[in-house]
Amino acid sequence: MSRARSISWLELMWEFVRRDAKIQLSYRLQAFFQLAALFSICVTFFFLAHMLRGVESSIGTLERYGGSYFSFAIIGLAASSYIDSSLRSFSSSIRTAQMTGTFEAMLATRTRIGSLVAGSALYTLLYMAVRSGVLIAMAGLVFGVPLHLDRLPALAVIFGLTVTATLALGIFSAGFIVLFKQGDPLTAAISGLSWLLSGVLYPKEILPLWVQRVAEFLPATHTLEASRLILLRGAGLESLSGAVFGLAVFSVLGVPISLLWFAWAVNRARVAGSLAQY
Amino acid sequence: MNGGALAVEVAGLTKRFSAKRRGRQWLTPWRRLPPIEALRGVDLAVDKGELVVLLGPNGAGKTTLLKVISTLVRPSAGRAMVLGRDVTRFGPEARRNIGYVLAEERSFYWRLSCRDNLRFFGVLEGLPARAALARADELGSLLGLTELMGRDFGSLSTGQRQRMAIARGLISDPPVILFDEATRSLDPGRSERLRRIIRKVLVERENKAVIFATHDLEEARVLADRVVLMRDGRVAAEGSYADLEAQIGSAFREESSGEEAEFRRLFPDLEVSL
Ligand SMILES: Nc1ncnc2c1ncn2[C@@H]1O[C@H](COP(=O)(O)OP(=O)(O)OP(=O)(O)O)[C@@H](O)[C@H]1O
Ligand SMILES: [Mg+2]
């Protein structure tokens, strides 16, 4: 009966990316402002690090990451902003769609809700990855941070594991939004704690040891440590087994659990008739 | 495929929404709140090539019924089948066979062009992008949207948006189409043409099954093969408009008789009719 061949999942995902890219491009000056914002982050931390130049070498905890505060901070910001916004991207895209009524319209199509949610978050995930890449490239090209680019394959592995680990939390908060129409405390807590404990702007090693143990339960801790050691020290995956293991555990446990939770939440919302309410 | 099955078959469909606890009701959490009964055992069968008008006053359960059929709301009891398959169990399959023109005509991407909007929803319905665009142009010319295709959705008037919602519901050319107040905000000429499109093209020529929800008596009279009169979540009567005319009239009058009495109490000196 259906007159057209079915489209592939990739074609479907592409259509979401295209949609969101077009919407973003319709805000013409945004790209310019985003780039300017990245540049001003670099400049801020460049001078902050400049101020610390004299004492940098006496900060023992920085030594492990190559000893330069500027490169430490930029990679910290690049990785943590990526994680933060990918955590939020699922729930916030659903929330927007609920408020504009497009969520119900999408749900009335034959596309499954899992694909709808994945597609809705995809553009933000890609965009933030590019943004973090640009931030690091800027630090390298404009501000002369020496980067171990020969280690990009290792970085790609860490990045992939970071994506799957944050996916678990992102899908969890998406379920929460579907059910309760508001942000969930878990993701908020993880975001906030990551900022404090994972070592974004200061090495986590300056924290008390027991706090460092707690921080190991945050995916960001592993991503930050691994990406700095890779890019600044040229570390290979073999010396990063802790981070790889940590992120893998998050992904393997988290993704199935959050998918089950999400399916349950959607079903509850269908019963309550509140899928499209806000 | 599913040759013998009815296009839409609904049996004993019941939907109770649980009421939300608020304020002082939290002080007595053991006390159960009475649920909101939106549907109370609805039976309905629609064949291919048939046009059924769901007629009923505000709150009768029309939208809820359409949402259950299109899987957006899960029923409390009873079942709904589309082309012989239970919608609760085969959701994506049911939705593939259904075009749903939502009552909410704002549900598009306001910063995208009409063409891009239809393309996107077409792809969600499983059409390759190129086919979705071709279909969008086809529907655009049918519904008078051709000139608007390149414009941002946000710049459309209410009636133009409504026509976009209709185009979206038809984009995948499904065998079953649900319209929820589809002529709302359309001017008389366009309402009349839409009714002709539904009647002559979709139902008579293309043999589709159409359910058209409305509270407009005149619309029901000119459009329906069969009227299903809904009231308080039940099917109150079913038949041709002419046969049901008396019942329909009294159903709508009784529905708001309380409001009418209140009006007369507040303004006893006013004329009763305009
Ligand atoms: N999600 C919901 N939660 C609670 N009650 C609901 C919900 N959706 C609908 N209802 C209630 O169910 C009843 C039927 O609503 P429905 O929207 O189906 O009416 P309708 O016939 O479409 O009315 P209208 O002509 O005003 O569109 C109403 O009393 C409404 O308040
Ligand atoms: Mg309604």
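Values below: all heavy atoms of this structure, side chains included; hydrogens, waters and symmetry mates excluded. Chain identifiers are assigned alphabetically (A, B, ...) following the order of the sequence lines, protein sequences preceding nucleic acid strands; residue numbering begins at 1 within each chain.
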Using heavy-atom distances under 4.5 Å, tell me whether A/Phe103 contacts chain B through its side chain, its backbone, both, or neither. neither

Strictly less than 4.5 Å between heavy atoms, which residues of residues 92-102 of chain A line up against chain B? Please order them by number. A/Thr100, A/Gly101, A/Thr102

Side chain A/Arg110, main chain B/Pro92, donor-acceptor under 3.5 Å: no

Pick one of side chain, backbone, both or neither for B/Leu102, based on which atoms fall under 4.5 Å of a heavy atom in chain A. side chain

List in chain and number order the residues that pass ring-ring contact (aromatic ring centres under 6.0 Å, His included) with A/Phe217, two or more places apart in sequence or in another chain; answer none if no residue qualifies. none

Side chain / backbone / both / neither for A/Ala272 at chain B, heavy atoms under 4.5 Å: backbone

Which region of B/Phe108, side chain (C-beta onward) or backbone (N, CA, C, O), has a non-hydrogen atom less than 4.5 Å from a non-hydrogen atom of chain A, or is it both or neither? backbone

Would you call A/Arg19 and B/Asp116 a salt bridge, taking side-chain N to carboxylate O under 4.0 Å as the test? no

Looking at CZ of B/Arg96 and OG1 of A/Thr109, how far apart are the two atoms once the value is rounded to the nearest 0.5 Å? 12.5 Å

Expected output: side-chain B/Arg74 to main-chain A/Arg270 donor-acceptor under 3.5 Å: no

Taking every non-hydrogen pair under 4.5 Å, which of B/Asn117, B/Val73, B/Thr71, B/Leu72 racks up the most with chain A? B/Leu72

So, the part of A/Ile23 with a heavy atom under 4.5 Å from chain B: the answer is both

Applying side-chain contact (heavy atoms from CB on, under 4.5 Å) to B/Asp137 and not counting sequence neighbours gives B/Arg115, B/Met149

Filtered by a 4.5 Å non-hydrogen cutoff, the part of residues 151-169 of chain B contacting chain A is B/Arg168

Is the shortest side-chain N to carboxylate O distance from B/Arg119 to A/Glu15 below 4.0 Å? yes

Quick check: do B/Leu124 and A/Met106 have side-chain heavy atoms less than 4.5 Å from each other? yes

